[in-house]
Amino acid sequence: MDKQTNLENAQARIAEASDQAVLADLERELLGKDGLLGQQLKEIPSLPPPERGPAGRAANELKAALTAGLLARAAELAEADLAADREGVGFDATLPAPPVERGSLHPITKVTRRLVQIFSSMGYHILDGPEVELDWYNFEALNIPADHPARDSQDTFYCGEEGRLVLRTHTSPVQVRAMERMTPPFRLVCPGKVFRHENTDATHEHTFHQMEGLVVGKDISVGHLVGTMKTLLRGIFGKEIDVRLRPGHFPFVEPGFELDARCVFCESGCRVCKGTRWIELLPCGLVHPKVLEAAGIDPSEWSGFAFGLGLSRLVMLSHGIDDVRHLLGGDLRFLEQFSC
Ligand code: DAH
């Protein structure tokens, strides 16, 4: 078979290559050591010297012709692949674009914003505090010394050396920081994340949200506390809701209370209020004189009330969520239910 026929055969096979893989095999076969080109090159040294030059040129031309043929076919195949892809996805530039998925605010964020609105309207400052806190602010200044049993109920993540730093177990340390900086009278709330070294289950999570409230002024009484809580409930539920106080013990308040609100979900007992018609809303009390003193405020001149609202609990109550782990689990199927 003469060289011209060889080249024509090779070109025909290139043109028939059905995909990139076949073409790659063909390239190896034609341009490789034992292929069409390799054969021609191998013959050259055995030719009489005058023929070697022309034979070398012929081999170069063959290589150029085959390479051009291979590249052209590769481009054709790529174009065909692209066309097939377009066909496959049914690409049609005239169709409307697919809908853009919208994100939404987390229910904790929503309830926080609502509360911030309500408390701002009552003249409260909205404060922030560090999540990594000094033991002093988280415990000592709140009248919880190192050997106090209250430390056991707030299982703590200690961090840093010497146990001086903790992940705050509640938002109450912001009370102390605020009292150090602000001159009474003042009112403030501080929403934020808190952390407990807990085994997690449906009602316990290592990270959850609270909102601390503090009012310091002249002759602040339990009446002010109750009135404020009723205003808060009116703001959230849009109607008058009865509250009651039960005694509660927290080292940083005296007297301390558990404040219950009338169940808003039923008239005669339901699953949420466990048939009692009362829902435990928040712990609160009058600021302990020792706490005022530790923050540099004279308890003979000033008094105050404080409360610690569980934001995670409030969201769970108002949406009937039965497992606290849903809140920070990051499962979109859960979160998408709150989009609007
Ligand atoms: N800090 C307390 C806790 O997380 C909650 C609390 C109770 C806050 C009574 C208060 C209060 O301000 O007065 O367990």
Side-chain angles (χ1 to χ4, degrees), residues 18-21 23 73-122 124 126-131 167 171 189-196 198 200-212 231-239 241 261 263-266 270-273 279 281-282 309-340:
S18 54
D19 60 39
Q20 303 282 7
L23 196 65
R73 182 63 186 149
E76 264 171 33
L77 287 172
E79 183 58 37
D81 281 350
L82 202 63
D85 277 354
R86 283 204 197 104
E87 193 91 336
V89 295
F91 180 80
D92 178 348
T94 62
L95 286 177
V100 176
E101 286 192 36
R102 293 188 53 155
S104 60
L105 293 178
H106 193 282
I108 296 273
T109 309
K110 281 190 192 168
V111 86
T112 306
R113 290 191 179 182
R114 179 74 192 116
L115 289 165
V116 162
Q117 249 177 9
I118 295 170
F119 280 99
S120 301
S121 75
M122 291 194 269
Y124 280 60
I126 314 299
L127 294 194
D128 208 357
E131 289 174 356
L167 296 189
T171 41
V189 287
C190 162
K193 248 188 227 153
V194 300
F195 309 88
R196 304 253 173 118
E198 303 262 19
T200 58
D201 61 27
T203 52
H204 297 89
E205 180 58 298
H206 49 71
T207 304
F208 53 101
H209 291 75
Q210 289 188 340
M211 189 179 75
E212 191 73 15
T231 311
L232 161 68
L233 288 166
R234 209 181 311 123
I236 299 179
F237 297 106
K239 59 179 181 189
I241 293 173
C263 183
V264 284
F265 303 105
C266 68
C270 67
R271 211 169 61 95
V272 183
C273 65
I279 294 179
L281 186 68
L282 50 76
L309 180 59
L311 297 183
S312 307
R313 210 181 108 71
L314 187 61
V315 167
M316 289 172 72
L317 271 178
S318 44
H319 293 285
I321 298 165
D322 57 6
D323 191 326
V324 64
R325 290 167 297 188
H326 285 315
L327 290 177
L328 296 180
D331 188 335
L332 285 180
R333 290 169 305 176
F334 170 76
L335 294 171
E336 277 164 357
Q337 298 174 75
F338 301 94
S339 56
C340 62

message = If you count heavy atoms of other groups shown closer than 6.0 angstrom to CG of Asp81, is the number above 12?
response = yes

inquiry  = Measuring only between side-chain heavy atoms, which start at C-beta, is Arg113 closer than 4.5 Å to Leu105?
reply    = yes

task = Please round to the nearest 0.5 Å and tell me the distance separating atom CZ of Arg325 and atom CD of Glu205.
result = 7.5 Å

inquiry  = Once you measure the plane-to-plane angle for Phe338 and His319, does it fall in the parallel (<30°), tilted (30-60°) or perpendicular (>60°) bin?
reply    = perpendicular

task = Find the distance between CZ (Arg73) and OG (Ser18) and round it off to the nearest 0.5 Å.
result = 8.0 Å

key: Side chains of Leu115 and Val189 in contact at under 4.5 Å (non-hydrogen atoms)   = no

query = Got Phe265 and Arg271 here, is their nearest side-chain heavy-atom distance under 4.5 Å?
reply = no

query = About how many Å separate CD1 of Ile279 and SG of Cys273, when rounded to the nearest 0.5 Å?
reply = 6.0 Å

Heavy-atom closest pair, residues Leu327 and Met316 = CD1-CG, 4.1 Å

Heavy-atom donor-acceptor pair, Gln337 side chain to Phe334 backbone, under 3.5 Å = yes

message = Quick check for you: to the nearest 0.5 Å, what is the distance between Asp128 atom CG and Cys190 atom SG?
response = 6.0 Å

query = How would you list, by chain and number, every residue that makes a ring pair (Phe, Tyr, Trp, His ring centres under 6.0 Å) with Phe237, sequence neighbours excluded?
reply = none

inquiry  = Quick check: do Val272 and Cys266 have side-chain heavy atoms less than 4.5 Å from each other?
reply    = no

key: Heavy-atom check, side chain of Met211 versus side chain of Thr171, under 4.5 Å   = no

key: Full working for side chain to side chain contact (heavy atoms under 4.5 Å, CB included) between Leu328 and His209   = CA-CA 10 Å; Leu328 296 180; His209 291 75; 4.1 Å; yes

inquiry  = Assess the residue pair Leu232 and Phe119 against the criterion (side chain to side chain contact (heavy atoms under 4.5 Å, CB included)); give the C-alpha distance rounded to whole Å, side-chain angles, the decisive distance to 0.1 Å, and a yes or no.
reply    = CA-CA 8 Å; Leu232 161 68; Phe119 280 99; 3.7 Å; yes

task = Applying side chain to side chain contact (heavy atoms under 4.5 Å, CB included), run through Ile236 and Val264 and close with a yes or a no.
result = CA-CA 11 Å; Ile236 299 179; Val264 284; over 6 Å; no

request  = State the CG-CD distance between Leu77 and Gln20, to the nearest 0.5 angstrom.
outcome  = 5.0 Å

task = Please identify each residue that fulfils salt bridge (Lys or Arg N to Asp or Glu O under 4.0 Å) with Arg333, with sequence neighbours left out.
result = Asp331

query = Is any side-chain heavy atom of Val324 less than 4.5 Å from a side-chain heavy atom of Thr203?
reply = no

ask   = Leu335 and Ser104: side chain to side chain contact (heavy atoms under 4.5 Å, CB included), yes or no, with the steps?
value = CA-CA 8 Å; Leu335 294 171; Ser104 60; 5.6 Å; no

ask   = Heavy-atom distance under 4.5 Å between the side chains of Val116 and Tyr124, does that happen here?
value = no

key: By salt bridge (Lys or Arg N to Asp or Glu O under 4.0 Å) - contacts of Arg114 (at least two apart)   = none

Where Leu233 and Leu281 come nearest, the two heavy atoms and their spacing = CD2-CD2, 3.7 Å

inquiry  = For Ala202 versus Asp322, what's the shortest heavy-atom pair and its separation?
reply    = CB-O, 3.9 Å

query = Say you draw a straight line from CG of Leu314 to CD of Gln210; how long is it, rounded to the nearest 0.5 Å?
reply = 12.5 Å

